[in-house]
Number of protein chains: 2
Amino acid sequence: MLSKKTKYAFHALTYLGKQEARKPVLISEISEKTKVPKKFLEAILLDLRKAGMLTSKMGKGGGYYLRMDPEEIKLAEVIRMFNGPIALLPCVSLNYYEPCDECVDEETCGLHAIMLEVRDETLKIVANKTLKDILSAEG
Amino acid sequence: MLSKKTKYAFHALTYLGKQEARKPVLISEISEKTKVPKKFLEAILLDLRKAGMLTSKMGKGGGYYLRMDPEEIKLAEVIRMFNGPIALLPCVSLNYYEPCDECVDEETCGLHAIMLEVRDETLKIVANKTLKDILSAEG
DNA sequence: TATTTATTCTACCGATTTAGTAGATTATTG
DNA sequence: CAATAATCTACTAAATCGGTAGAATAAATA
């Protein structure tokens with residue numbers, strides 16, 4: 001399951017994606033409309049900005065807005081950022097690889113082989129879906 | 001990511017699946033061979049038995065052995081048992097459904113729609129893979 | 001330049017989950 | 001009855017999750 005933080009990130013991105021122009025939206029507006037706790041949302045938006053998906057402006061007239069195009073923002077990237085690896089086991093993770101303590105040899109580990117397959121199939125799904133798909137699905 | 005408990009469950013099932021006859025294997029043997037902490041393994045085996053995947057015998061000559069055929073033991077079932085829902089959000093879970101607090105209407109929620117798709121695709125993978133696939137992949 | 005606006009940074013907090021361990025109990029075999 | 005081996009109850013330490021408080025910094029404007 002995705003953490004609330006991850007879900008909140010998607011809600012925030014979706015809200016910003018629905019804005020016609022790319023002009024700053026206040027954290028408090030996003031918080032009210034998406035019902036994400038404001039202080040919690042701050043940290044999320046900051047992370048999204050650091051990842052290059054959003055831009056921010058401080059001071060009056062400031063706020064957050066999309067920096068990337070919706071079709072560039074992949075579900076997989078957002079999930080990795082807030083939820084961690086897509087893979088089900090560290091030993092088959094592309095971005096967070098770690099060997100298993102108990103495993104003598106990955107080559108002959110049946111679980112490893114199957115989890116590799118699962119990872120590849122899962123990536124096909126979440127790496128090809130983007131914020132644009134969420135926006136299109138929205139009423 | 002899967003919890004260690006879930007991974008351990010797969011290791012234990014795999015070890016029992018490699019046994020030719022269906023005769024009892026000691027917890028301590030499974031623990032030593034799979035390197036899963038014995039006391040932790042006890043709880044896992046108990047859950048697998050309660051789910052009908054294993055049978056146990058107490059006393060001398062006792063132990064655990066497979067009750068179901070390897071092709072009947074689906075990855076999805078093991079994951080649900082030890083790791084929880086397959087779906088990424090409670091609002092798209094078949095077995096653990098819960099509505100979102102912030103969601104006014106699931107019908108028009110784009111995230112909901114996309115996560116439904118992701119769940120369906122994911123299920124196609126993990127509900128069709130079984131212990132037999134793990135065993136076949138093993139040396 | 002002072003004030004207001006609004007993001008950013010640092011630091012905390014309670015509750016839950018994870019990954020275990022210890023030890024008594026119950027069932028089976030011989 | 002003695003030995004064996006699963007079962008049950010009850011802890012525990014550490015990490016993660018979800019969230020809050022408040023000070024610091026940056027930008028606009030009067």
Side-chain angles (χ1 to χ4, degrees), chain A residues 1-12 16 23-32 34-51 53-67 79 81-85 88-90 96 98 100-102, chain B residues 1-12 16 23-32 34-51 53-67 79 81-85 88-90 96 98 100-102:
Chain A
M1 298 275 279
L2 299 179
S3 64
K4 288 203 172 184
K5 200 168 183 176
T6 312
K7 186 174 69 164
Y8 289 164
F10 280 120
H11 280 313
L16 292 175
K23 62 179 227 259
V25 180
L26 292 184
I27 296 180
S28 43
E29 179 183 334
I30 306 172
S31 167
E32 279 163 31
T34 61
K35 284 166 188 157
V36 175
K38 193 187 163 206
K39 274 297 189 178
F40 200 23
L41 181 60
E42 282 183 15
I44 294 167
L45 294 170
L46 213 48
D47 285 346
L48 289 169
R49 198 211 60 181
K50 285 174 187 162
M53 294 179 186
L54 302 181
T55 305
S56 67
K57 270 193 76 180
M58 281 177 126
K60 189 160 193 180
Y64 280 96
Y65 54 99
L66 279 194
R67 177 180 154 81
I79 292 175
M81 195 182 329
F82 295 103
N83 219 64
L88 292 180
L89 292 178
Y96 304 81
E98 250 180 283
C100 293
D101 301 340
E102 75 276 12
Chain B
M1 298 276 276
L2 299 179
S3 64
K4 288 204 172 185
K5 199 169 184 176
T6 312
K7 186 174 71 162
Y8 290 165
F10 280 120
H11 280 313
L16 291 176
K23 61 178 226 256
V25 180
L26 292 183
I27 296 179
S28 42
E29 178 183 335
I30 306 172
S31 167
E32 279 163 32
T34 61
K35 284 165 189 160
V36 175
K38 194 186 162 206
K39 274 299 190 177
F40 199 23
L41 181 61
E42 283 184 14
I44 294 167
L45 293 170
L46 214 48
D47 285 346
L48 289 169
R49 197 211 62 180
K50 284 174 187 160
M53 294 179 187
L54 302 181
T55 306
S56 67
K57 270 193 74 179
M58 281 177 127
K60 191 162 191 176
Y64 279 96
Y65 55 98
L66 279 193
R67 178 182 153 81
I79 292 175
M81 195 182 330
F82 294 103
N83 218 67
L88 292 180
L89 292 178
Y96 304 79
E98 251 180 283
C100 293
D101 301 342
E102 74 276 10

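Given the structure is predicted, the values throughout are model-derived calculations rather than measurements.
- Looking at heavy atoms from C-beta onward, Leu48(A) lies in side-chain contact with Phe82(A) at the 4.5 angstrom threshold.
- In this structure, Leu26(A) places its CG atom 10 Å from C1' of dT7(C), rounding to the nearest Å.
- The CZ atom of Arg49(A) sits 15.0 Å away from atom CD1 of Ile44(A), with the distance rounded to the nearest 0.5 Å.
- As a whole-Å value, the separation of Glu42(A) CD from dA6(C) P is 13 Å.
- Contact check, Tyr8(A) against dG19(D): a side-chain N or O comes under 4.0 Å of OP1 or OP2.
- Among His11(B), Lys4(B), Lys35(B), the one residue that satisfies the side-chain hydrogen bond (donor to acceptor under 3.5 Å, both in side chains) test with Glu102(A) is His11(B).
- The residue among Gly61(A) and Phe40(B) whose nearest nucleotide of DNA chain C is located toward the 5' end is Gly61(A).
- Mapping Leu2(A) and Met58(A) onto DNA chain D by nearest heavy atom places Leu2(A) closer to the 5' end of the strand.
- As a whole-Å value, the separation of Leu41(B) CG from dG20(C) P is 11 Å.
- Side-chain proximity of Lys60(B) to the nucleotides dT29(C), dG20(C), dA6(D) is greatest for dT29(C).
- Rounded to whole angstrom, the span from the CE atom of Met1(A) across to the C1' atom of dG18(D) amounts to 15 Å.
- Asp47(A) places its CG atom 15 Å from the C1' atom of dT10(C), with the value rounded to the nearest Å.
- Each of Lys38(A) and Gly59(A) was matched to the nucleotide of DNA chain D holding its nearest heavy atom; the match closer to the 5' end belongs to Lys38(A).
- Separating the CG atom in Asn83(B) from the CE atom in Met1(B) is a distance of 10.0 Å, to the nearest 0.5 Å.
- As judged by a 4.0 angstrom heavy-atom cut-off over every strand, Lys39(A) is placed among the base-contacting residues.
- Nearest to the side-chain atoms of Pro37(A) among the listed nucleotides dC9(C), dG20(C), dT20(D) stands dT20(D).
- Residue Phe82(A) is out of contact with every strand shown, counting any heavy-atom pair closer than 4.0 Å.
- Atom pair Lys4(B):NZ and dA15(D):P shows a separation of 12 Å (rounding to whole Å applied).
- For the pair Ile44(B) CD1 and dT18(C) C1', the computed distance is 12 Å after rounding to whole Å.
- Counting non-hydrogen atoms under 4.0 angstrom, Leu45(A) reaches nothing in the nucleic acid.
- Between dA28(D) and Lys57(A), a contact under 4.0 Å exists linking OP1 or OP2 to a side-chain N or O.
- Side chain of Ser31(A) to backbone of Val36(A): a donor-acceptor contact under 3.5 angstrom is found.
- For the pair Leu48(A) CG and dT7(C) C1', the computed distance is 15 Å after rounding to whole Å.
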